[in-house]
There are 2 protein chains.
Amino acid sequence: MDAELEQFLMSRTNNIQSLRQMAVDTIREAIVMGYYKPGEPIRERQIAEKMNISTTPVKEAFRTLEYEGLVETVPRKGTFVSNMADTSIEEILMLRASVEGLCARLAAEKMTPADKQKLKQQLERMDILLQEQRVEELVQENTTFHRMIVTYAQSPMMEQTWNTVSAFDRAFRKLALQQNKEQTEGFAEHWRVFEAVEQSDGETAELEMKSHILRTLDHVMKQEQRRRGE
Amino acid sequence: MDAELEQFLMSRTNNIQSLRQMAVDTIREAIVMGYYKPGEPIRERQIAEKMNISTTPVKEAFRTLEYEGLVETVPRKGTFVSNMADTSIEEILMLRASVEGLCARLAAEKMTPADKQKLKQQLERMDILLQEQRVEELVQENTTFHRMIVTYAQSPMMEQTWNTVSAFDRAFRKLALQQNKEQTEGFAEHWRVFEAVEQSDGETAELEMKSHILRTLDHVMKQEQRRRGE
DNA sequence: TATTATTAACTGATATATCAGATATCAAAG
DNA sequence: CTTTGATATCTGATATATCAGTTAATAATA
């Protein structure tokens with residue numbers, strides 16, 4: 001085992017809500033950071049030992065990560081990092097566009113005036129950050145905005161689904177961590193989503209959110225082309 | 001605990017790939033069949049005892065079911081059946097339409113001639129069942145068809161996502177188990193999906209699959225109205 | 001009697017020991 | 001030298017005992 005990885009696993013003794021959650025977060029990040037490569041085995045005993053916990057929470061963590069698509073357990077053989085290579089950023093963003101589009105539609109139909117006010121405040125906060133070019137925070141708040149839409153959809157199913165997609169999205173973004181800055185473009189599109197939501201126009205809200213994310217995809221693809229062209 | 005439920009849990013001693021998987025399937029079905037009602041607690045010790053297994057595989061099963069959105073665990077307080085009431089059949093089918101639509105697109109782009117052949121055979125099998133009005137089997141094979149599309153999309157993420165949506169779909173269908181027969185209508189639409197797939201026309205495949213499922217939704221909604229009108 | 005403190009009985013969370021399949025090792029037989 | 005089969009040693013799977021919050025019942029107190 002890589003010494004750096006060992007250090008990483010041991011260092012995560014903080015943030016204890018439950019050992020299970022700690023294990024989920026730590027292992028996920030270890031995979032996402034590239035400490036484990038696709039196809040490589042992850043041994044529950046080893047993880048447990050390095051994290052100074054028992055195998056029980058590690059096993060439970062594996063079940064969650066398996067559902068997120070990050071690992072795959074073959075009974076009595078081992079748990080392995082999934083080949084996420086089979087999932088492209090293109091597929092991820094297409095699915096995100098559809099899912100968040102539907103969330104926007106439901107949110108538009110269900111949100112109360114108070115909810116709408118909060119959403120508006122979020123966008124205003126983001127506008128300021130954009131003007132001041134505080135990119136780091138802006139990326140953070142952007143995620144919050146999207147999460148708000150999902151929450152306001154008030155659908156456990158949509159939320160679960162979004163979580164699944166997000167797990168892949170996060171993994172991908174860290175692996176190829178560019179594009180975050182690019183996303184500062186087209187932030188104005190958020191307001192178009194909001195306007196539809198404000199008027200409780202579900203159909204428009206869905207379309208706006210969907211095309212917003214698909215435009216992000218366009219940017220990513222063009223950027224990819226540019227990199228290859230150089 | 002209901003005696004009927006007790007019987008149900010005890011009877012599931014067959015089909016042993018792993019106790020964990022058995023627990024997942026059994027508990028899921030128990031919820032879906034309505035033995036457990038939304039909000040009701042599910043105790044891991046009780047389940048383990050009735051199924052004659054230890055709590056370890058039950059705990060792992062809970063993690064999977066939690067990700068599927070069927071249960072919710074509050075640390076040291078209990079595991080409870082989720083309030084799926086907040087999810088309507090309308091939302092389920094809208095999401096399914098989007099997800100399977102995307103799967104159809106990817107499948108169309110990725111499938112080999114051999115794959116296409118298998119898909120065609122599946123549809124032919126269904127045609128025969130339809131002619132002979134063997135509804136029970138037809139419903140089964142219909143599910144297989146949809147699953148094939150997802151599999152041929154060759155995307156772990158799409159598959160995971162579809163699993164999540166399907167968990168909700170199954171739950172709803174059993175709770176209000178009508179509509180299965182209604183689905184024998186519009187089976188011809190499957191062929192339109194196939195034709196697009198055969199020509200590797202992803203865009204059309206997506207649209208056809210999406211509208212196919214949305215038409216199912218229409219049927220369900222109209223049926224709902226009719227029932228209320230009576 | 002109403003209120004508070006105490007305890008007993010839940011619950012899930014965790015640690016640990018053991019079971020069981022999969023696999024690699026290595027020695028004996030061909 | 002190759003093949004075969006016994007065995008040691010991996011791995012995850014499972015059972016069980018114990019830990020630690022949570023809650024409800026109960027007893028002590030005002």
Side-chain angles (χ1 to χ4, degrees), chain A residues 1 5-6 9-10 12-28 30-31 36-82, chain B residues 1 5-6 9-10 12-27 30-31 36-68 70-82:
Chain A
M1 184 192 275
L5 166 58
E6 195 172 327
L9 293 178
M10 296 198 312
R12 285 317 197 71
T13 173
N14 54 334
N15 197 339
I16 306 175
Q17 330 156 41
S18 71
L19 297 184
R20 178 210 312 166
Q21 194 55 47
M22 184 176 99
V24 170
D25 293 339
T26 305
I27 299 169
R28 183 198 289 127
I31 292 173
Y36 286 105
K37 307 209 179 339
E40 195 174 336
I42 306 186
R43 285 168 253 276
E44 55 181 45
R45 276 181 170 80
Q46 192 180 44
I47 297 262
E49 189 188 345
K50 292 305 176 193
M51 290 184 70
N52 243 308
I53 61 179
S54 79
T55 61
T56 312
V58 175
K59 284 186 79 67
E60 289 188 84
F62 279 178
R63 294 290 77 71
T64 295
L65 294 169
E66 186 167 40
Y67 217 93
E68 286 185 1
L70 286 172
V71 307
E72 203 169 334
T73 294
V74 182
R76 322 228 177 224
K77 287 189 67 174
T79 296
F80 306 87
V81 178
S82 291
Chain B
M1 183 193 276
L5 166 57
E6 195 171 326
L9 293 178
M10 295 198 311
R12 285 320 196 72
T13 172
N14 55 335
N15 198 339
I16 306 175
Q17 328 156 43
S18 70
L19 298 184
R20 177 211 312 164
Q21 194 55 46
M22 184 176 99
V24 169
D25 293 339
T26 305
I27 299 168
I31 293 174
Y36 287 105
K37 307 206 179 342
E40 197 174 333
I42 305 185
R43 284 167 254 277
E44 57 181 45
R45 275 180 170 78
Q46 193 180 43
I47 297 261
E49 189 188 345
K50 293 304 177 194
M51 291 186 69
N52 242 310
I53 61 178
S54 78
T55 61
T56 312
V58 176
K59 286 185 78 68
E60 288 188 85
F62 279 178
R63 295 290 77 72
T64 294
L65 294 169
E66 186 168 40
Y67 218 95
E68 285 184 1
L70 286 172
V71 307
E72 203 169 335
T73 295
V74 182
R76 314 213 185 242
K77 289 188 68 173
T79 296
F80 307 87
V81 178
S82 292

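Throughout, a chain's letter reflects where its sequence line sits, starting with A, and its residues are numbered from 1.
- Heavy-atom nearest nucleotides on DNA chain C were determined for B:G78 and for A:S54, and the one closer to the 5' end corresponds to B:G78.
- In this structure, B:T79 OG1 and B:E40 CD are separated by 13.0 Å, a value rounded to the nearest 0.5 Å.
- The NZ atom of A:K50 sits 9.5 Å away from the CG atom of A:L5 when rounded to the nearest 0.5 Å.
- Side-chain contact between A:M10 and A:N52 is absent, with no heavy atoms from C-beta onward closer than 4.5 Å.
- Evaluation of the side-chain contact (heavy atoms from CB on, under 4.5 Å) rule for B:P41 yields B:R43, B:F80 as partners, not counting sequence neighbours.
- The stretch residues 55-63 of chain A touches DNA chain D through A:K59, each having a heavy atom under 4.0 angstrom from the strand.
- Under the 4.5 Å side-chain criterion, counting only non-hydrogen atoms from C-beta, A:K59 is not in contact with A:T56.
- Scanning both residues, A:K37 and A:V81, for their nearest heavy atoms gives O-CB, 3.4 Å.
- Using a 4.5 Å cut-off on side-chain heavy atoms (C-beta onward), A:Y67 and B:E68 make contact.
- Looking at B:I31 and B:I42, their side chains come closer than 4.5 Å, going by heavy atoms from C-beta outward.
- Listed by chain and residue number, nothing satisfies the ring-ring contact (aromatic ring centres under 6.0 Å, His included) test with B:F62 (two or more places apart in sequence, or in another chain).
- The span of DNA chain C lying next to chain A, judged by atoms under 4.0 Å from heavy atoms, is bounded 5' to 3' by C:dA13 to C:dT23.
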I'd like a list of close polar pairs between nucleotides 21-24 of chain D and the protein, N/O only, cut-off under 3.5 Å.
unit_1: D:dT23; atom_1: OP1; unit_2: B:K77; atom_2: NZ; d: 2.8

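- Looking at heavy-atom distances under 4.0 Å, A:R43 makes contact with sugar-phosphate atoms alone, never a base.
- When heavy atoms are screened at a 4.0 angstrom cut-off, A:R20 is found touching the sugar-phosphate backbone but no base atom.
- You'll find the side chain of B:E44 stays beyond 4.5 Å of the side chain of B:T73, heavy atoms only.
- Toward the 5′ end of DNA chain D lies the nearest nucleotide of B:N52, the other residue of the pair B:R45 and B:N52 mapping further downstream.
- For the helix from C:dT1-D:dA30 to C:dG30-D:dC1, the end axes, each set by the C1' atoms of five terminal pairs, are bent relative to each other by 10° (nearest 10°).
- Note on A:E60 versus A:R63: no salt bridge recorded, every NZ/NE/NH1/NH2 to OD/OE distance being 4.0 Å or above.
- Around CD of B:Q21, the count of heavy atoms belonging to other residues, nucleotides or ligands within 6.0 Å exceeds 12.
- Of the two residues contacting DNA chain C, namely B:E44 and A:I53, the nearest-nucleotide position lying further toward the 5' end is that of B:E44.
- Remark: B:I47 CD1 to B:T55 OG1 distance equals 12.0 Å, nearest 0.5 Å.
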